[in-house]
2 protein chains.
Amino acid sequence: MTEREHPLTPDAIRLIATIAEAGSFAAAARALGKVPSALSYSVRQLEEALDVLLFDRASRSAVLTPAGRELLNEGSRLLLEIDAVASRVKRVASGWEGQLAIAANALMCPHTLLDLVDAFYAQRDTARLPPPTRIRLRQEVLSGTWEALLSGAADLAIGVDADDTRNTGLQVMPLGDIRFVFAVAPHHPLARLPEPLDPAMIRMHRAVAIADSALRLSPVTRNLLPGQDVLTVPTLDMKIAAQLRGLGCGFLPEARVRPHVERGELVVKRTAEDKVAQFAIAWRSGAQRGRALDWWLQQLDSPRTRAALLEGVAP
Amino acid sequence: MTEREHPLTPDAIRLIATIAEAGSFAAAARALGKVPSALSYSVRQLEEALDVLLFDRASRSAVLTPAGRELLNEGSRLLLEIDAVASRVKRVASGWEGQLAIAANALMCPHTLLDLVDAFYAQRDTARLPPPTRIRLRQEVLSGTWEALLSGAADLAIGVDADDTRNTGLQVMPLGDIRFVFAVAPHHPLARLPEPLDPAMIRMHRAVAIADSALRLSPVTRNLLPGQDVLTVPTLDMKIAAQLRGLGCGFLPEARVRPHVERGELVVKRTAEDKVAQFAIAWRSGAQRGRALDWWLQQLDSPRTRAALLEGVAP
DNA sequence: CGCGATCATTCAAAAAGTTTGAATGATGAT
DNA sequence: ATCATCATTCAAACTTTTTGAATGATCGCG
């Protein structure tokens, strides 16, 4: 004898809902084109399997018990989810990925990323439904973007270091450059010194750096001079905030701090050499390419979108 | 002919999961005590109903298609939810409410409320499960607590004004008193004046009041002298913060501001008369009393718990 | 390359589950 | 008190699922 089948089927839930709505077994039977005894039989099967009375039998009309009402409430929600799963399975069968994980370098403009997510979900197919693919957006710092891609935690990486050569099994296309400037608060001692700043003078002041989000590295930073004090923060925004408060000095993406510079809240100081970093987009080439990844790669192929990611200019 | 039944039943999902886990229809059939053709028939029914191929038929072993994998993932989650609903329906049948809405006066100590919620959910029955009742905790100000109860939005009200007589269809039991003190920041002008404070002097300074959360009232406040300027804030914490900053003056619950007074951050000034408010607990007596409401009323029957609610002392 | 074991699928027959229709007792409206 | 409508029970009929046999395909092994 095989395992007993689960009684809480979508049709069982719909039956309870229909009876409750119709007010009686007889009325529900008429609505369903069945005879009342068929409903009586099915409800009894469900009640016996759950070991719970769903309808009050003392009354002639169909009155739900508290448990019956609970089943009605929770069951209605379940039906919606079951329909959603069925719909989603059909969509995946049509070529969409179930989910797409995107690792974005923290230097990428978050507004532009969210604009892209918005545009992705604004798509409508012939059934007027958005793509079924669940986008998982994650933000990484420094080598964390590569890390997420190589480890399989991400399918697409936006803003990987173009000079990094760890690209086995990946496809890469250029994204563009980000120009960095050395910035301090107006009341910071370095703000008053002549340009270009002497490295020895820089070393005497605390740097503000972002902790690398790469999983296996201990918190380590870049662009630090040997022996320099350092304040480590988790995000670029906090780095900017710290430097605005004069808590330290360091390089910041020029586009992101331009408004602060224009308002006199930060001072840009030239250093011995300009600092420009080159970025790229990378994705795993092994797995079959779905429609969601296709769409994102197509968007990222646009110079305008790339510029927006790098500079924070709306596309 | 009646409407076609929904194909995504719990047993259908389990079947797909069993085949995927076993690696072949034949192995799954052996595991289920059935013949392979029964599985072949059921899978085909499901695939035809969804109009989706779930298994790759080119291979002899059972390989899921992307859609099949999606069904497996989402279906596993659905099964857990379906089981949870069945379990919950059984629990409700045993006397627990599906949910219990509690409206607490903002003057009640939030930590004590959360302690009670913790203790409620820490209960375990013979099946080692917590109560199935979902607690909906809401915070109200002034007559909002009564309002929530009378309107049916809440089943239990903690901290209703004992002097309010709108208790038709409700049961009430006393909770206790809250002593209020008139407090200002040390640098506030009223801080330097002799006691008891002259009402004319109080009227010349802005009061800080909390907006009444009662639904149908326009924002109106209590304990204001005619013609007095008033800053209205949404919460007691913000009222305290505003008064700490010297933004205004007014009555505050003595227990809640005692630490600030002890640290010299607020100054208590005597006024023409002491202010003590009496509070009560009320619940709707019409509906049958479930085990969750029973539990809460039992807890609130304790003088120690009441004191904790009023004074912020841990029970 | 040939052979044997195992696989999935098809199909007729059998078994199990659901529905029908008749009968019965109960309830509510008049 | 009477009548219409209700839910339930049960045997018969209908529908769905499972079985067992047959078939063609695939994979591993010698």
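To find a chain, count down the sequence lines: A is the first, B the second, and so on, and within it residues start at 1.
Legend: residues meeting salt bridge (Lys or Arg N to Asp or Glu O under 4.0 Å) with B/Arg69, ordered by chain and number and at least two apart, are absent. Every residue two or more places apart in sequence or in another chain that forms a salt bridge (Lys or Arg N to Asp or Glu O under 4.0 Å) with A/Arg91 is listed here: A/Asp125. Not a single ring pair (Phe, Tyr, Trp, His ring centres under 6.0 Å) links B/Phe279 to another residue, sequence neighbours left out. Under the side chain to side chain contact (heavy atoms under 4.5 Å, CB included) criterion, B/Ala292 pairs with B/Trp96, B/Glu97, B/Leu100, B/Phe120, B/Thr133, not counting sequence neighbours. A search for salt bridge (Lys or Arg N to Asp or Glu O under 4.0 Å) contacts involving A/Asp56 returns nothing, not counting sequence neighbours. For A/Arg88, the side chain to side chain contact (heavy atoms under 4.5 Å, CB included) criterion is met by A/Pro132, A/Arg134, B/Glu70, B/Glu74, not counting sequence neighbours. With sequence neighbours left out, B/Ile13 forms a side chain to side chain contact (heavy atoms under 4.5 Å, CB included) with B/Leu8, B/Leu78, B/Leu79. With sequence neighbours left out, the side chain to side chain contact (heavy atoms under 4.5 Å, CB included) criterion links B/Ala84 to no other residue. In this structure, A/Glu21 has no salt bridge (Lys or Arg N to Asp or Glu O under 4.0 Å) partners at least two apart in sequence or on a different chain.
We find that CZ of B/Phe25 is positioned 14 Å from P of D/dT18, with the value rounded to whole Å. Per the geometry, CD belonging to B/Glu48 stands 13 Å off P belonging to D/dT16, to the nearest Å. Rounding to whole angstrom units, CG of residue B/Leu39 and P of D/dT19 are separated by 9 Å. As rounded to whole Å, 10 Å separates atom P of C/dT9 from atom CZ of B/Phe55. Going from atom CG of A/Leu32 over to atom C1' of C/dT19 covers 13 Å, rounded to whole Å. For A/Glu47 and D/dT8, the CD to P distance is 8 Å, given to the nearest whole Å.
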Using a cut-off of under 3.5 Å, enumerate the N/O to N/O pairs linking the protein to nucleotides 15-18 of chain C.
{"residue": "C/dT18", "atom": "OP2", "partner": "A/Tyr41", "partner atom": "OH", "Å": "2.9"}

So which protein nitrogen or oxygen atoms get under 3.5 Å of nucleotides 22-27 of chain C's nitrogens or oxygens?
{"residue": "C/dT27", "atom": "O2", "partner": "A/Arg60", "partner atom": "NH1", "Å": "2.5"}

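Side-chain nitrogen and oxygen atoms of B/Arg57 include at least one within less than 4.0 Å of the OP1 or OP2 phosphate oxygen of C/dT9. Checking the phosphate oxygens (OP1, OP2) of D/dT8, a side-chain nitrogen or oxygen of A/Ser40 falls inside 4.0 Å. For C/dC7, one of the phosphate oxygens OP1 or OP2 lies less than 4.0 angstrom from a side-chain nitrogen or oxygen of B/Arg30.
Distance check, rounded to the nearest 0.5 Å: CG of A/Leu300 to CD1 of A/Ile158 gives 4.5 Å.
The C1' atoms of five pairs define one axis at each end of the helix from C/dC1-D/dG30 to C/dT30-D/dA1, and these two axes lie 40° apart (to 10°).
Not a single donor-acceptor pair under 3.5 Å links the side chain of B/Ser87 to the backbone N or O of B/Asp83.
Proximity note for B/Val35 (side chain, C-beta onward) versus D/dT19, D/dA7, C/dT20: the nearest is D/dT19.
Residue A/Ala38 is in base contact, counting any heavy-atom pair closer than 4.0 Å across all strands shown.
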